[in-house]
Amino acid sequence: MKVGVFSAKPYDRQFLQEVDAPDIDWHFIETRLSEQTLPLAKGMDAICAFVNDQLDTTTLSQLKKMGIMHIALRCAGFNNVDTQAAQRLGFSVSRVPAYSPEAVAEHTLALILTLNRKLHKAYNRIKEGNFSLDGLMGFNLHGKTVGIIGTGRIGAATCRIISGFGCKILCHDPSPNDEVKAMGARYVPIDELVSQADIISLHCPLTPETRHMINDARLSQMKPGVMLINTSRGAMVDTQAVIQHLKNGHIGYLGLDVYEMEGDLFFEDLSDQIIQDDVFQRLQTFPNVLITGHQGFFTREAMTHIAQTTADNLLASQQGDYSAPSFLVTPASS
Ligand code: NAI
C-alpha cells in the first residue's frame with residue numbers, strides 16, 4: 001500500500017518508519033497538501049495528512065479522480081477536512097483521536113508556569129549575567145480560579161494537573177465530564193467562567209460554533225490581568241481583538257501554541273526570511289505574550305502512538321474494516 005505522507009518532517013519519517021507495518025510503503029512529501037500540490041499524490045493508494053493540509057471539496061474531488069479514497073490524519077483535530085464532502089464522495093477518513101492528552105495538557109501547564117514566573121525572561125537574563133529580579137514577580141497558582149473551556153480528553157487531563165496546584169476549577173462544555181466533576185470542578189455558563197477565572201484555557205475543537213469564541217465581547221468580560229491560554233486551534237481566538245485587549249492592558253498574559261494563520265508559518269524554519277504576517281509580528285512585540293509553534297503534541301510518547309494508530313488505520317481501511325473509533329468518515333456512511 002503506497003501512502004503519500006504530506007507535510008512530512010524528519011520526525012514523521014522516523015516514527016512512521018519505526019512502526020512494524022511491512023505492507024505500508026511510505027512516500028514522504030515535504031510540501032503541504034493543497035490544490036496546487038495534488039499532483040504529488042499521483043500513484044498513491046492513500047494520503048496521510050497533518051493539521052495544515054487542506055482537504056476541501058476541490059482537493060477531495062481531485063483525489064477521488066486519482067483513485068485515492070482513504071485519508072489518514074496523523075492528528076486529533078480535523079477542522080482542515082470537509083467531512084461532509086468526504087462523506088458525499090465516499091471517502092474513508094481516519095484520525096488519531098487520543099494519542100496523548102497529557103502531552104498537550106502538560107504543554108498548557110508549561111505555558112502557564114513560564115508566563116507566570118517569567119522563565120523565558122529569567123533564562124535570558126541569567127545568560128547575560130543579569131541577576132536582578134525586577135519585573136520577574138509572579139503569583140501563586142494555589143487558590144486561583146482556572147476556567148477550562150472544553151473538558152474532553154485534553155481539558156480533563158489539564159484539570160487533573162491543575163487540581164494538584166490547589167486551584168478552583170470552573171468548566172464549560174455542552175457535554176459535562178463526570179471525571180472532571182469528581183475532581184471538584186464546577187460546570188458554569190461560559191459568561192460566568194470568563195468573568196470569574198484568573199486563568200482561562202481553551203480545549204475545544206474548532207467548529208463554526210467555536211470559531212472566534214474568544215472575541216471582543218468575551219475579552220471585555222474577563223478579569224483585568226487575566227491569563228488566556230490557547231493550545232486548541234488558533235481560530236478559537238479573534239487575534240485582532242486580543243491584540244486590542246493586550247494594548248489596553250486588560251489581558252495580563254497570553255500563551256499560544258496555535259495561531260489563526262499558522263498555516264503560513266508554523267512547522268517551517270523561516271529564520272532567514274522576512275515574516276509578512278503583521279498581525280503575528282505585532283503579537284510578538286508584547287512582553288506578556290508567549291508563543292510556541294504548535295508543539296503541544298510533540299512528545300516521544302505521543303509521536304509513537306500517532307505513528308502506530310495511523311498505520312493501524314491505513315491497514316484497517318485497506319481491509320475495509322472501519323469499526324475503530326478512529327474513523328470519522330466511512331464509505332458505508334456515504
Ligand atoms: P475531545 O473531543 O476529547 O474534547 C473536546 C471537548 O470540547 C468535548 O468535550 C466537547 O463537548 C467540547 N466542546 C465542543 N464544543 C464546545 C463548546 N462550544 N464549548 C465548550 N466545549 C465544547 O478533544 P481533545 O482530544 O480534548 O482535543 C481538543 C482540541 O485540542 C482538538 O480538537 C484540537 O483542536 C486540539 N489539539 C491541539 C494539539 C496541539 O498540539 N496543540 C494536539 C491535539 C489536539
Side-chain angles (χ1 to χ4, degrees), residues 7 9 11-12 49-53 73-81 83 93 95-112 146-162 169-181 185-194 197 200-215 218 228-237 255-260 262-263 265-267 290-303 305-307 309-310 325-328:
S7 302
K9 298 290 176 198
Y11 43 84
D12 294 310
F50 196 50
V51 293
N52 291 320
D53 290 314
L73 298 171
R74 55 182 192 283
C75 51
F78 53 91
N79 51 286
N80 54 328
V81 185
T83 48
V93 181
R95 64 174 180 137
V96 187
Y99 43 86
S100 176
E102 287 76 21
V104 186
E106 288 171 15
H107 191 71
T108 301
L109 262 295
L111 290 174
I112 293 173
V146 179
I148 304 288
I149 303 184
T151 53
R153 286 166 279 236
I154 296 170
T158 306
C159 288
R160 276 196 294 277
I161 303 173
I162 280 286
I169 305 175
L170 297 181
C171 297
H172 177 75
D173 192 312
S175 315
N177 180 333
D178 288 339
E179 185 207 338
V180 169
K181 281 189 197 163
R186 198 158 59 86
Y187 280 87
V188 293
I190 189 156
D191 291 338
E192 190 176 334
L193 184 151
V194 293
I200 298 172
S201 191
L202 309 177
H203 301 286
C204 303
L206 177 63
T207 63
E209 294 75 47
T210 62
R211 180 173 292 273
H212 286 191
M213 169 188 253
I214 303 300
N215 53 20
R218 287 258 158 74
L228 176 64
I229 304 288
N230 188 9
T231 59
S232 57
R233 284 291 181 266
M236 299 264 304
V237 175
L256 300 179
D257 186 46
V258 287
Y259 164 63
E260 263 190 295
E262 70 177 49
L265 300 171
F266 285 10
F267 308 117
L290 178 61
I291 307 175
T292 53
H294 207 139
Q295 66 173 80
F297 71 98
F298 201 49
T299 65
R300 269 193 300 279
E301 292 79 0
M303 288 299 289
H305 195 108
I306 289 170
T309 308
T310 303
S326 325
F327 283 89
L328 284 170

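Remember, it's 1-based here, ligands and their atoms both numbered in the order they're listed.
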Pair Asn52-Asn80, side chain to side chain contact (heavy atoms under 4.5 Å, CB included): steps then yes or no: CA-CA 7 Å; Asn52 291 320; Asn80 54 328; over 6 Å; no
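- At least one heavy atom of His172 sits under 4.0 Å from some atom of ligand 1.
- Protein heavy atom at the shortest distance from atom 34 (O) of ligand 1 is Arg233 CG, 3.2 Å.
- Protein heavy atom at the shortest distance from atom 35 (C) of ligand 1 is Ser232 O, 3.5 Å.
- Closest to atom 16 (C) of ligand 1 among all protein heavy atoms lies Pro174 CD, 3.7 Å.
- For Ile154, a nitrogen or oxygen atom sits less than 3.5 Å from a nitrogen or oxygen atom of ligand 1, counting backbone and side chain alike.
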Worked verdict on Val93 versus Leu73 for side chain to side chain contact (heavy atoms under 4.5 Å, CB included): CA-CA 7 Å; Val93 181; Leu73 298 171; 4.2 Å; yes
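- Arg95 contributes a side-chain N or O that, together with a main-chain N or O of Ala76, makes up a donor-acceptor pair within less than 3.5 Å.
- The contact set between ligand 1 and Met213, taken as ligand atoms under 4.0 Å from a residue heavy atom, comprises 17 (C), 18 (N), 19 (N).
- No donor-acceptor distance shorter than 3.5 angstrom exists from the side chain of Tyr11 to the backbone of Met303, with no hydrogens or angles considered.
- Contact annotation for His203 and ligand 1: only backbone heavy atoms (N, CA, C, O) come within less than 4.0 Å of the ligand.
- In this structure, of Pro205, Pro101, Gly150, the residue bringing a heavy atom nearest to atom 5 (C) of ligand 1 is Pro205.
- A salt bridge links Arg186 with Glu192: the closest approach of a Lys/Arg side-chain nitrogen to an acidic carboxylate oxygen falls below 4.0 angstrom.
- Under the 4.0 angstrom criterion, atom 23 (O) of ligand 1 counts as lacking any protein heavy-atom contact.
- The protein atom (non-hydrogen) at minimum distance from atom 40 (O) of ligand 1 is Phe297 N, 3.0 Å.
- By the 4.0 Å heavy-atom criterion, Thr210 is counted among the residues contacting ligand 1.
- Nearest protein heavy-atom neighbour of atom 2 (O) of ligand 1: Arg153 NH2, 3.7 Å.
- Taking the six-membered ring where the residue is Trp, Phe266 and Tyr259 present tilted rings, their angle falling between 30° and 60°.
- At a 4.0 Å heavy-atom cut-off, ligand 1 touches His294 through the side chain alone.
- Closest to atom 4 (O) of ligand 1 among all protein heavy atoms lies Gly152 CA, 3.2 Å.
- At a heavy-atom distance under 4.0 Å, no atom of His107 approaches ligand 1.
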Chi angles and distances behind the salt bridge (Lys or Arg N to Asp or Glu O under 4.0 Å) call for Glu260, Arg233: CA-CA 7 Å; Glu260 263 190 295; Arg233 284 291 181 266; over 6 Å; no
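- Atom CZ of Arg160 sits in a crowded spot, with more than 12 heavy atoms from other residues, nucleotides or ligands closer than 6.0 Å.
- Residues Phe267 and His294 bring their aromatic ring centres within 6.0 Å.
- Atoms of ligand 1 found under 4.0 Å from any heavy atom of Asp257 (numbered from 1 in listed order, with element): 39 (C), 40 (O), 41 (N).
- Asp173 OD2, 2.6 Å is the protein heavy atom nearest to atom 9 (O) of ligand 1.
- Taking Lys9 as the reference, Glu268 meet the side-chain hydrogen bond (donor to acceptor under 3.5 Å, both in side chains) condition, with sequence neighbours excluded.
- Those atoms of ligand 1 with a heavy atom of Gly296 less than 4.0 angstrom away are 40 (O).
- For Cys204, the closest heavy-atom approach to ligand 1 falls below 4.0 Å.
- A distance-only check finds a donor-acceptor pair linking the side chain of Asn215 to the backbone of Arg218 [under 3.5 Å].
- Not one N or O on the side chain of Thr210 forms a donor-acceptor pair closer than 3.5 Å with the backbone of Met213.
- Within the 4.0 Å heavy-atom criterion, the part of Tyr99 lying near ligand 1 is the side chain and not the backbone.
- Although no hydrogens or angles enter the test, the distance criterion places a donor-acceptor pair under 3.5 Å between the side chain of His172 and the main chain of Val188.
- Listed by number with element, the atoms of ligand 1 under 4.0 Å from a non-hydrogen atom of Val104 are 38 (C), 42 (C), 43 (C).
- For a threshold of 3.5 Å applied to N or O pairs, the pair formed by Gln295 and ligand 1 contains no separation below that value.
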Side chains of residues 103-111: which donor-acceptor pairs under 3.5 Å do they make with residues two or more places apart or in other chains?
residue	atom	partner	partner atom	Å
His107	NE2	Thr292	OG1	2.9
Thr108	OG1	Val104	O	2.8
Thr108	OG1	Thr231	OG1	3.2

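- For atom 37 (C) of ligand 1, the closest non-hydrogen atom of the protein is Thr231 O, 3.2 Å.
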